[in-house]
Amino acid sequence: MDHNKRNALLTAIDVGNMTRAAEQLGYTQSGLSYIIKTLEAEFGFPLLVRSRSGVRPTADCMRILPILRDLHHKSQMLEQEVADIRGLAVGAVSVGVFPCISRFWMPTILRNFTARYPGITLSIRESGQEDLDQWLRDGSVDLLLYSRQPNYTHQWIQFMQDDLCAVVPEGHPLATSQEIALDQLTGEPFIMEDDAHDHDIPRLLKDSGFHPNVCWSSKDELAILNMVAAGLGVSVLPGLYLQDMPPGVKALPLVPRAYRQLGAAMLSLEELSPAARRFLDSAKTTMGVL
């Protein structure tokens, strides 16, 4: 199976849209469709289900998808190892990240990495905890920058400890406090981050035995902050998001202190491609991780 055809199929599946996949690969949409059709002719069965909302793999394609991803990964590793032996820093890296990491960490990480390794193509995919875990398991990303969860099985390199804080409207009676216990929020209208997007806050509330009066929910932390600023309720959010708060919001440390671990996850450090290893090393240097 031709490497370029395999890459075209995997890109279409990962992006979920033929037009965007074609743009990413530098093809026309008709050109990408032709490549998929030739693959379907080679295999003898349909590979993609097409609809108005985009494309997704067929059941038969799902059966062979892990093998295709493994072949693609091994092919990339071979090309990059050969280039590495020849003293060339080339290849492609796909990184899954939390939106907050994309917003606050990635600009500096990308600037430093691309300046040092202009021959390496880097793609960033944003989502929440469950999507990122799935992407790493199925091989559609090389590594993740996100938060570590209990019973974690992937290899992990910690970058920082991120405090979890209460956020209240500026005029709220608790806004003048130096710190706050969760039970002080009992009965308050609570704005919850979507638990498929974030596992850290729901786990904190569950472990603390606190049952919030959830009136609103969102997977967008900036939306939650603006809702708090509008006086719609209170919330608990990671400290990383609180570096750029809208006016009208007060962030308070929790007592006892609570935090999440942010860092890099990979299936196997030893099996990272040379390009992915270079990205990881560059990100660690940028973040001051020894």
Side-chain angles (χ1 to χ4, degrees), residues 97-109 126-130 132 144-152 156 158-264 286-289:
V97 300
F98 276 168
C100 63
I101 288 177
S102 181
R103 181 179 178 186
F104 293 107
W105 290 6
M106 292 310 293
T108 306
I109 290 175
E126 294 182 4
S127 196
Q129 194 85 41
E130 292 186 5
L132 293 177
L144 303 174
L145 297 180
Y146 76 156
S147 69
R148 187 177 190 180
Q149 301 301 310
N151 304 316
Y152 198 78
W156 176 260
Q158 184 160 321
F159 282 17
M160 70 171 288
Q161 184 169 286
D162 189 29
D163 289 333
L164 304 178
C165 301
V167 288
V168 301
E170 209 165 54
H172 193 280
L174 293 171
T176 57
S177 305
Q178 296 299 311
E179 57 188 17
I180 189 169
L182 283 174
D183 60 10
Q184 291 178 266
L185 302 177
T186 300
E188 295 277 353
F190 196 92
I191 308 167
M192 175 71 81
E193 186 169 9
D194 188 293
D195 60 2
H197 195 73
D198 171 83
H199 290 348
D200 298 298
I201 306 301
R203 187 178 71 252
L204 166 67
L205 301 182
K206 181 180 179 181
D207 291 348
S208 302
F210 176 68
H211 303 285
N213 175 29
V214 178
C215 296
W216 316 92
S217 65
S218 174
K219 62 181 180 181
D220 184 340
E221 288 86 351
L222 183 57
I224 293 174
L225 285 170
N226 283 316
M227 292 167 78
V228 172
L232 293 174
V234 301
S235 189
V236 175
L237 289 173
L240 192 58
Y241 275 106
L242 307 181
Q243 296 179 19
D244 188 20
M245 289 194 301
V249 179
K250 183 70 180 293
L252 302 165
L254 291 172
V255 55
R257 294 293 188 267
Y259 59 87
R260 63 176 180 172
Q261 298 176 33
L262 295 179
T286 298
M287 298 301 298
V289 179

S.K.: Say you draw a straight line from OH of Y241 to CD1 of I224; how long is it, rounded to the nearest 0.5 Å?
M.R.: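 CD1 of I224 is found 9.0 Å from OH of Y241.
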S.K.: For L164 versus L254, what's the shortest heavy-atom pair and its separation?
M.R.: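 That would be O-CD1, 3.4 Å.
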S.K.: In the structure I gave you, are the side-chain heavy atoms of R260 and L240 within less than 4.5 Å of one another anywhere?
M.R.: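 Yes, their side chains come closer than 4.5 Å.
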S.K.: What's the separation between atom CZ in R257 and atom CD in Q161, rounded to the nearest 0.5 Å?
M.R.: 11.5 Å
S.K.: Between atom OG of S127 and atom CG of L144, what is the distance when rounded to the nearest 0.5 Å?
M.R.: 10.5 Å
S.K.: Apply the test side-chain contact (heavy atoms from CB on, under 4.5 Å) to residues R103 and D244: give CA-CA distance (whole Å), side-chain angles for both, the deciding distance (0.1 Å), then the verdict.
M.R.: CA-CA 10 Å; R103 181 179 178 186; D244 188 20; 2.7 Å; yes
S.K.: Taking the side chain as everything from C-beta on, heavy atoms only, tell me whether E221 gets closer than 4.5 Å to F98.
M.R.: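 Not in contact.
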S.K.: Which pair of heavy atoms, one from L145 and one from A264, lies closest together, and at what distance?
M.R.: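 Shortest heavy-atom contact: CD2-CB, 3.7 Å.
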S.K.: Identify the two heavy atoms, one from S177 and one from L252, that lie closest to each other, and give their separation to 0.1 Å.
M.R.: O-CD2, 3.1 Å
S.K.: For the pair I191 and V167, evaluate side-chain contact (heavy atoms from CB on, under 4.5 Å) and give the outcome as yes or no after the intermediate values.
M.R.: CA-CA 10 Å; I191 308 167; V167 288; over 6 Å; no
S.K.: Starting at CG of L225, measure out to CG of L242 and round the result to the nearest 0.5 Å.
M.R.: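 Reported to 0.5 Å precision, the distance equals 6.0 Å.
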S.K.: Can you give me the closest heavy-atom contact between P107 and S102, atom names plus distance?
M.R.: CD-O, 3.4 Å
S.K.: Run the side-chain contact (heavy atoms from CB on, under 4.5 Å) test on D162 and D200 for me, step by step, so that the C-alpha distance in whole Å, both residues' side-chain angles and the decisive distance to 0.1 Å come before the verdict.
M.R.: CA-CA 11 Å; D162 189 29; D200 298 298; over 6 Å; no
S.K.: NZ/K250 to OG1/T176 distance, rounded to the nearest 0.5 angstrom?
M.R.: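 Here the rounded value is 7.0 Å.
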S.K.: Any side-chain heavy atom of I101 sitting closer than 4.5 Å to one from F159?
M.R.: no
S.K.: Would you say that P169 contacts V234 through its side chain, given a criterion of any heavy-atom pair below 4.5 Å between the two side chains?
M.R.: yes
S.K.: Can you confirm whether S147 sits close enough to Y259 that some side-chain heavy atom of one is under 4.5 Å from a side-chain heavy atom of the other?
M.R.: no
S.K.: Evaluate the side-chain proximity of D198 to L237: yes if any heavy-atom separation is below 4.5 Å, no if none is.
M.R.: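 When only atoms from C-beta onward are counted, D198 and L237 do not touch, as no gap falls below 4.5 Å.
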S.K.: Which heavy atom of V97 sits nearest a heavy atom of L132, and at what distance?
M.R.: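 That would be N-CD2, 3.6 Å.
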S.K.: Carefully, step by step, assess S235 and E193 under the rule side-chain hydrogen bond (donor to acceptor under 3.5 Å, both in side chains).
M.R.: CA-CA 8 Å; S235 189; E193 186 169 9; over 6 Å; no
S.K.: For A229 versus P247, what's the shortest heavy-atom pair and its separation?
M.R.: CB-O, 3.5 Å
S.K.: Other residues, nucleotides and ligands only: do more than 12 of their heavy atoms fall within 6.0 Å of CD on Q243?
M.R.: yes
S.K.: Just verifying a value: how many Å separate E179 CD and Q184 CD, rounded to the nearest 0.5 Å?
M.R.: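 Rounded to the nearest 0.5 Å, the CD-CD separation comes out at 8.5 Å.
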S.K.: Look only at the side chain of D163 and the backbone of G239, and say whether a donor-acceptor pair between them is shorter than 3.5 Å.
M.R.: no
S.K.: Please walk me through it: do W105 and T286 pass side-chain contact (heavy atoms from CB on, under 4.5 Å)?
M.R.: CA-CA 9 Å; W105 290 6; T286 298; over 6 Å; no
S.K.: State, with a plain yes or no, whether a side-chain heavy atom of F210 is found less than 4.5 Å away from one of L204.
M.R.: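 No; the side chains remain at least 4.5 Å from each other.
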S.K.: Less than 4.5 Å apart, any side-chain heavy atom of M192 and any of D194?
M.R.: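 Heavy-atom side-chain distance check fails, nothing below 4.5 Å.
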